[in-house]
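Residue numbers begin at 1 in each chain, while the letters A, B, ... track the order of the sequences.
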Amino acid sequence: MNRRQLLAGGAGLAMASAAQAQTRFRDLPEAASYDSPNTQVPPRPGNGPDYNPVVTLNGWSLPWRMNGNVKEFHLVAEPVERIMANGMVARLWGYNGQSTGPTIEAVEGGRVCIYVTNRLPEHTSVHWHGLILPSGMYGVGGLSHPAIPPGKTFVYEFDLTKSGTFMYHPHADEMVQMAMGMMGLLIVHPRDPAFMAVDRDFAFLLAAYDIDPGTYIPRVAEMTNFNMWTWNSRIFPDIDPLVVNKGDRVRVRCGNLTMTNHPIHMHGYHFEVTCTDGGWVRPEARWPEVSIDIPVGAMRAYEFDAIHEGDWAIHCHKSHHTMNAMGHDLPTFIGADKRKLTGMIRKETRGYMPMGTAGMADMGEMSMELPENTVPMMTGWGPYGPLEMGGMFSVVKVRAGIAADDYSDPGWYKTRRAPKPGNGPASFPRRPATPAPIPSSPPATMCVAVDFPRRPARPGASPLVLKGHSL
Amino acid sequence: MTCHVERLALEHRTDLAIERLELTSIAQEYRLEGQTRMLSDIEITAGAEVERSDTPTGRGSETSRVLKASFEIPLYDTGKLTKRRGELAYMRAANELAQLAVNARSEARSAHAAVTGKYNIARHWRDEVLPLRRTIDKEALKSYNGMLISTFELITDAREGLEAELSYAEAKADYWHAEAAMTAAIWGAATGGAE
């Protein structure tokens, strides 16, 4: 029971003597904190068994200290401010200054001791998702052990029996605390560094939030209509790219703590799931895929050889998960003629822009004033125009000649034959790049006669006119 | 100030002036003389000098504010009146005048209460509601820009904004009507006097 006891914060209540409690409290490993949303690439371990650290997208790995042969960490559960993207701050609960929390990395066969200090206004616990542990260490408040009251520190100590991809999250007031952003990755590296070795090892957690535009705190009772689909509590366009040197063996580890599944799709490659939160997948049980469905409360790690140079999109294939906050009740205006209406509305509401009559791509191009603390629902610019994405979207950037420890953004990939406007697939008339005023003529450019060869455009008329509505 | 309005009404109302002339003419008709004292309308409504008011600590009372110009009715030594009929006619007219004065003050108070009330309502619309509506309109447009709400909701917001403008115009009209009614209460309505 030694280390499992709740340590009183400075006041030794249940301890044999106050002096012992003081000593123990001073003995806690330092609680490191990170105040930046940028990816911090962890250094290779200087002592102990060697491993190749994971790169947590827009995250970091928790520092530790060795106490004999026990690896000691100090997690602090606390309110944090997370920059989800430039222009949007979320007031969340997290660990050690960030949400998601720092990645805990250790090596198979080792013993870890994780001090968890609760600086939340309510009790919490830490559940070590996927690890094989003694029952009393499993972190279910009330079942495994009493939940950790505010202001107290609990000590989890256990042996790591298996290597693999795991995560941690509260199991006390679980729905609220996870809706507030409490989660983190736990990576157990194989004892043998040659086993399942990769050159680059990326990791992120899927988390969903419902933060009303103009507000800062997630609605914790939301169950279905989330509007922020995040990787490590970060959204496009500010999820860091996965930078890879050509020829690298690459692993991407992904855990799902949202309330729905996510088909993670990566362009440019075929790849195989090599690991789940239940352990490594035997080679004969793997099959090639381009989208990997991450079920709720599950983790997948897939691997590929980065032989194809380029900028390869990686995203959740649920298309509304690659959008930022948007109205869920927007009617379809495609084909509607808003010109007369626009004039009427502008009498009352100056600055009104008709949108949606030719799809919603207007949104990606215009930059209009939005409510406070809101990122456009589709945004981001690439070398060839607006990306019109959001949420769970990033880019795998494979380049030749990137140094082993270099994860900095190499910029956009230069396509050998850049498409020129007017040639090939880009031959459609370009949409005007500036916010379009009400067109003085029907928006005929959006409808090319070629699409409807049986209805050639009459000269001087819009190509398609149905009951007075120009399409 | 209520008593200010009451004073103006007592000074200016034509119906009071007419009634007062009436009284004078009765006095002259019956050749009343030997004015002994003045009767003010306050004295007629004995006890009115103590006003009740509800305070947070309970029901308290305070002395009536003193009118700057009191409304006085001359009384004569009726004992010397030679004609009983004259005495009765005069006292009747005097009491009627006093009642008119009481009513005039009451009307002035009501009119004043109406004016201040309508003024506060109109000012609330102008200083509180309309700025909030403008904020709502601005935020609605921003939400629309972000495709968080649709054109229809934007139109609904704009309509509610227009309705707020209309309500403000109505409140302002109410205030002007009350202002006119108070002028009438001070100078006498077209019909003149108590209805």
Asker: Around atom CG of A:Asn225, are there more than 12 heavy atoms of other residues, nucleotides or ligands at under 6.0 Å?
Answerer: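 Count over threshold, so yes.
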Asker: Which pair of non-hydrogen atoms, one from A:Tyr352 and one from B:Leu141, has the smallest distance, and what is that distance?
Answerer: CA-CD1, 4.0 Å
Asker: Taking the side chain as everything from C-beta on, heavy atoms only, tell me whether A:Leu341 gets closer than 4.5 Å to B:Ile155.
Answerer: yes
Asker: Could you look at A:Glu348 and say if it's the side chain, the backbone, both or neither that has a heavy atom under 4.5 Å from chain B?
Answerer: side chain
Asker: Under 4.5 Å, counting heavy-atom pairs only, tell me which of A:His328, A:Glu372, A:Met355 racks up the most with chain B.
Answerer: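 Max contact count across the listed options: A:Met355.
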Asker: Nearest 0.5 Å, what's the NZ-OG1 distance between B:Lys142 and A:Thr374?
Answerer: 9.0 Å
Asker: Does atom NE2 of B:His177 have more than 12 heavy-atom neighbours, drawn from other residues, nucleotides or ligands, at distances under 6.0 Å?
Answerer: no
Asker: Could you give the distance from OG (B:Ser143) to CD (A:Glu369), rounded to the nearest 0.5 Å?
Answerer: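 Answer for the OG-CD pair, B:Ser143 versus A:Glu369, is 11.0 Å.
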Asker: Would you say A:Met175 has more than 12 foreign heavy atoms packed within less than 6.0 Å of its CE?
Answerer: yes
Asker: Taking the side chain as every heavy atom from C-beta outward, state whether A:Pro371 and B:Leu148 have any pair of such atoms under 4.5 Å apart.
Answerer: yes
Asker: Mind ranking A:Met344, A:Met377, A:Arg350 by heavy-atom pairs under 4.5 Å with chain B and telling me who comes out on top?
Answerer: A:Met377
Asker: Give the member of A:Gly327, A:Gly351, A:Pro331 that has the highest number of heavy-atom pairs under 4.5 Å with chain B.
Answerer: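 Among A:Gly327, A:Gly351, A:Pro331, the one with the most close pairs to chain B is A:Gly327.
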Asker: In Å and rounded to the nearest 0.5 Å, what is the CZ to OG1 distance from A:Phe333 to B:Thr151?
Answerer: 4.0 Å
Asker: Can you name the closest pair of heavy atoms from A:Leu330 and B:Met147 and give their distance?
Answerer: CD1-O, 3.2 Å
Asker: Among B:Ala158, B:Gly161, B:Gly146, which residue forms the greatest number of heavy-atom pairs with chain A at distances under 4.5 Å?
Answerer: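 Maximum pair count with chain A is reached by B:Gly146.
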Asker: Measure the spacing between OG1 of A:Thr349 and CG of B:Asp137 and express it to the nearest 0.5 Å.
Answerer: 6.0 Å
Asker: Quick one, A:Met368 with B:Tyr144, criterion side-chain contact (heavy atoms from CB on, under 4.5 Å). Give me CA distance, side-chain angles, the key distance, then yes/no.
Answerer: CA-CA 10 Å; A:Met368 290 178 294; B:Tyr144 170 81; over 6 Å; no
Asker: Counting only heavy atoms not in A:Ile83 (residues, nucleotides, ligands), do more than 12 fall under 6.0 Å from its CD1?
Answerer: no
Asker: Has B:Phe152 got more than 12 heavy atoms of other residues, nucleotides or ligands less than 6.0 Å from its CZ?
Answerer: no
Asker: Given heavy-atom pairs under 4.5 angstrom as the criterion, report whether the side chain, backbone, both or neither of A:Leu370 touches chain B.
Answerer: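 Contact with chain B is through both the backbone and side chain of A:Leu370.
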